[in-house]
Structures are given as structure tokens and as C-alpha cells.
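Quantities reported herein were computed from a predicted structural model and do not represent experimental measurements. Numbering of ligands and ligand atoms starts at 1, following listing order. Count residues from 1 along the sequence.
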Amino acid sequence: MTNDTHQEYDDDLTALLEAVWGEGFMSPGGTEEVDRILLGLDLADKSVLDIGCGLGGVDVHVASAYPVRQVTGIDIDAGLINKCGAMAKKHHVSDKITFQQVDPGPLPYDDGTFDLVISKDSIIHIADKHALAGDVSRVLKPGGVFAASDWLAGYEGEPTPEMAAYVAAEGLDFGLASAGTYENALTSAGFQNVVVSDRNAWYRTTARSEREDLAGRFYEQLTTTVGREFLDHQINVWDLMIVALDQGQLRPTHLRAEKPQ
Ligand SMILES: C[S@@+](CC[C@H](N)C(=O)[O-])C[C@H]1O[C@@H](n2cnc3c(N)ncnc32)[C@H](O)[C@@H]1O
């Protein structure tokens, strides 16, 4: 049974994130980052599962720009899922995408359902990486691929006080883990050819320009949408995030792994 109690990303936050990151995106880099996550993969006639689809920008891009057979975007937040359909319709890809609200926990699909499982910056919210990796492997067909990006911890154990301050300011339910934990989870689940690509250097630069836009060219417009107090708080979150990025504590990362044939 699903419910609509999972609402961490409210309308103000999603409006601000879309202003910075583009229509349908709640994570940085937009369609270029999605293309980088999928680089070199053959998506022809493939069935794709997207874990944590948010507002559906990733799914609309995949369904528009790649010759996939079908995309299923899932999210625990009913409010977000309800908004996804309009974007798919606007971009004429409704026939290729199914959006579904799910409960946290095991993926509600049979073994071997998908050719590709993707996720963009959502697994941070799922604390048990080993359980998730096992479940992703289960729903993939033999030879299927897992391709994702996520926010990783650049530390084992305790964060620096600055990283802790950033996480507290976000106020979101984060289950941060290190690259070692992700690699171990994927290999323990039977994946092979696990590739972990760090994106910290890219995002250290990008985050600075986003912060500049929030305090500059977007500021007046966004105050009318989300209010000055909320906007100023989010600019402060960006400042704290930039420190965490500079310290190497917060590490945007791409992940790729293959389920053996
Ligand atoms: C940072 S947003 C990213 C959304 C989207 N992938 C994007 O890049 O725009 C993280 C998303 O993960 C979702 N989420 C959190 N826990 C989840 C879970 N256990 N299963 C599926 N989605 C989850 C949240 O509701 C949110 O929409």
C-alpha cells in the first residue's frame, strides 16, 4: 500500500531547485549530466527503471533523447509523482513513461523486469545501500546495467563539523555513505565491472556559479515565488555546501555496474 506522507521536497524547494537546475530537475547538471551517466550504453528498445524520479526531468529526457522502449519513474513522494505526468505530456513522451508512487523498501517489481536501472541523486535518501544494491540486481535482467549519480560522503565515520552543519542546514533525510560502501554493496550484490567516477571537482565550480545566480540574476524573481526568508536560507545552504565540497566531504559521484549474464 502506498501513502502520501513522504514529502521532504515541498513546492518552495522544488521551485527553487528547478530555477537553478532546470525544468523537471531536482539535482545539478541537467540533461548533460544524465547523458554523462548513460555515456556509451546502448539504450535501443530497453526498459528502464528510474529510482527517485522526483519531478521527472530525467525520465522525460531519457524517453525523448534515447530510443528506449519504456521508462518507469518511481518516487515515494505522491506530490512529486502527481506533477510528472504534465511534463511528460508537454514533451510528447507520455506513451513511453509510467510514473508510480512506491513505498520505501523493496522495489515492487518481479525479478528480471528491467534492462537498465538508473537513479540521479536519490539513493542518498536510502540508508541501506547493500539492501538496495541487492534489490536492483534482482529486478535487472541478466546482463542488465545499473547507472547512477549520487551524493557520496568523502569520509568514513564522522563528518567534519562543517559537513555536519551543511547536512543539518539541508534538513533532508540523508543516508550518506562513502564510495567504499557503495562499491562493497554493488560487488556484494554480484555486480561486476563496478566503476565509481568522482564529480567533486566539476561540482565545486558549478556550485559557485549556482550560488552566484541565486544571489544575483534569479534573486528578485525567486523572492516573489518562494519568499526572501526561504531564499536567503537556501543561499546559506549553498555556502555551507561549497565548504563541504571544498573539504572533499561531499562528493557527487557517478556509479556504473553490470549484472553478469
Ligand atoms: C534530490 S531528488 C532527485 C530527483 C530526480 N532524480 C532528479 O535528479 O531531479 C531525490 C528524490 O528521491 C526520492 N526518494 C527518497 N527516498 C526514496 C526511495 N526510498 N525510493 C524512491 N525515491 C525516493 C525523493 O522523494 C526525491 O524525489
Side-chain angles (χ1 to χ4, degrees), residues 2-38 48-63 71-85 87-88 91 97-109 114 116-136 138-139 146-152 166-167 170-177 185 199 203 206-207 210 234 237-238 241 250 252-255:
T2 57
N3 63 65
D4 60 1
T5 55
H6 309 288
Q7 208 215 353
E8 286 208 283
Y9 293 86
D10 65 18
D11 288 350
D12 284 346
L13 184 52
T14 55
L16 182 138
L17 297 180
E18 279 193 290
V20 182
W21 288 331
E23 182 192 20
F25 278 94
M26 296 164 59
S27 62
T31 57
E32 276 180 35
E33 266 308 270
V34 178
D35 291 341
R36 188 180 277 266
I37 291 165
L38 299 176
V48 181
L49 174 68
D50 177 21
I51 300 173
C53 63
L55 293 165
V58 171
D59 312 85
V60 167
H61 178 61
V62 171
V71 179
T72 301
I74 60 170
D75 204 286
I76 59 171
D77 186 325
L80 296 175
I81 286 290
N82 289 339
K83 291 178 182 168
C84 289
M87 188 178 168
H91 292 269
I97 312 179
T98 304
F99 292 109
Q100 187 182 351
Q101 190 209 349
V102 300
D103 284 331
L107 298 165
Y109 301 103
F114 300 98
L116 179 66
V117 174
I118 63 173
S119 183
K120 186 161 184 336
D121 303 342
S122 299
I123 293 170
I124 184 173
H125 294 295
I126 300 173
D128 189 340
K129 313 302 178 202
H130 285 76
L132 179 76
D135 213 24
V136 168
R138 182 186 66 74
V139 302
F146 171 65
S149 66
D150 205 15
W151 302 100
L152 269 60
Y166 158 65
V167 171
E170 281 277 16
L172 297 167
D173 188 12
F174 283 170
L176 277 150
R199 299 286 287 146
Y203 196 53
T206 301
E210 294 165 353
Q234 287 300 325
V237 170
W238 248 263
M241 176 174 71
L250 181 65
T253 298
H254 289 190
L255 305 152

Which is closest to atom 18 (C) of ligand 1 by heavy-atom distance: V58, D75, I76?
-> I76
For atom 7 (C) of ligand 1, which protein heavy atom lies nearest, and how many Å away is it?
-> S27 OG, 3.5 Å
So, does E18 use its side chain to make a donor-acceptor pair with the main chain of M26 at under 3.5 Å?
-> no
Donor on one side chain, acceptor on other, Q100 and Y109, under 3.5 Å = yes
Plane angle bin for F174 and H125 - parallel if under 30°, tilted between 30 and 60°, otherwise perpendicular = tilted
Under 6.0 Å between ring centres, would you say that holds for Y203 and W151?
-> yes
Which residue supplies the protein heavy atom nearest to atom 19 (N) of ligand 1, what is that atom called, and how far is it?
-> I126 CG1, 3.5 Å
Of all protein heavy atoms, the one nearest atom 15 (C) of ligand 1 is H125 CB, 3.4 Å
When you measure from atom 11 (C) of ligand 1 to every protein heavy atom, which one gives the shortest distance, and what is it?
-> S122 OG, 3.4 Å
Would you tell me whether H61 and D35 have side-chain atoms, one donor and one acceptor, within less than 3.5 Å of each other?
-> yes
Contact atoms of ligand 1, heavy-atom distance to F25 under 4.0 Å | 9 (O)
Sub-4.0 Å atoms of ligand 1 with respect to non-hydrogen atoms of G54 = 4 (C), 27 (O)
Numbered atoms and elements of ligand 1 in range of L80, under 4.0 angstrom, heavy atoms = 27 (O)
Looking only at protein heavy atoms, which one is nearest to atom 4 (C) of ligand 1, and how far off is it?
-> G52 O, 3.4 Å
Can a non-hydrogen atom of G57 be found less than 4.0 Å from any atom of ligand 1?
-> no
Salt bridge flag under 4.0 Å for residues D59 and K120 = no
For ligand 1, which atoms have a heavy atom of C53 less than 4.0 angstrom away?
-> 5 (C)
In this structure, are over 12 heavy atoms from other groups packed under 6.0 Å from R36 atom CZ?
-> no
Of I118, D75, L107, the residue whose pairing with I51 passes side-chain contact (heavy atoms from CB on, under 4.5 Å) | L107
Name the closest protein heavy atom to atom 9 (O) of ligand 1, giving the residue it belongs to and the distance to 0.1 Å.
-> M26 N, 2.7 Å
Do other residues, nucleotides or ligands put more than 12 heavy atoms under 6.0 Å from the CD atom of E32?
-> no
Kindly confirm or rule out an N or O of Y9 lying under 3.5 angstrom from an N or O of ligand 1.
-> no
With backbone taken as N, CA, C and O and side chain as the heavy atoms from C-beta onward, which portion of D50 lies under 4.0 Å from ligand 1: side chain, backbone, both, or neither?
-> neither
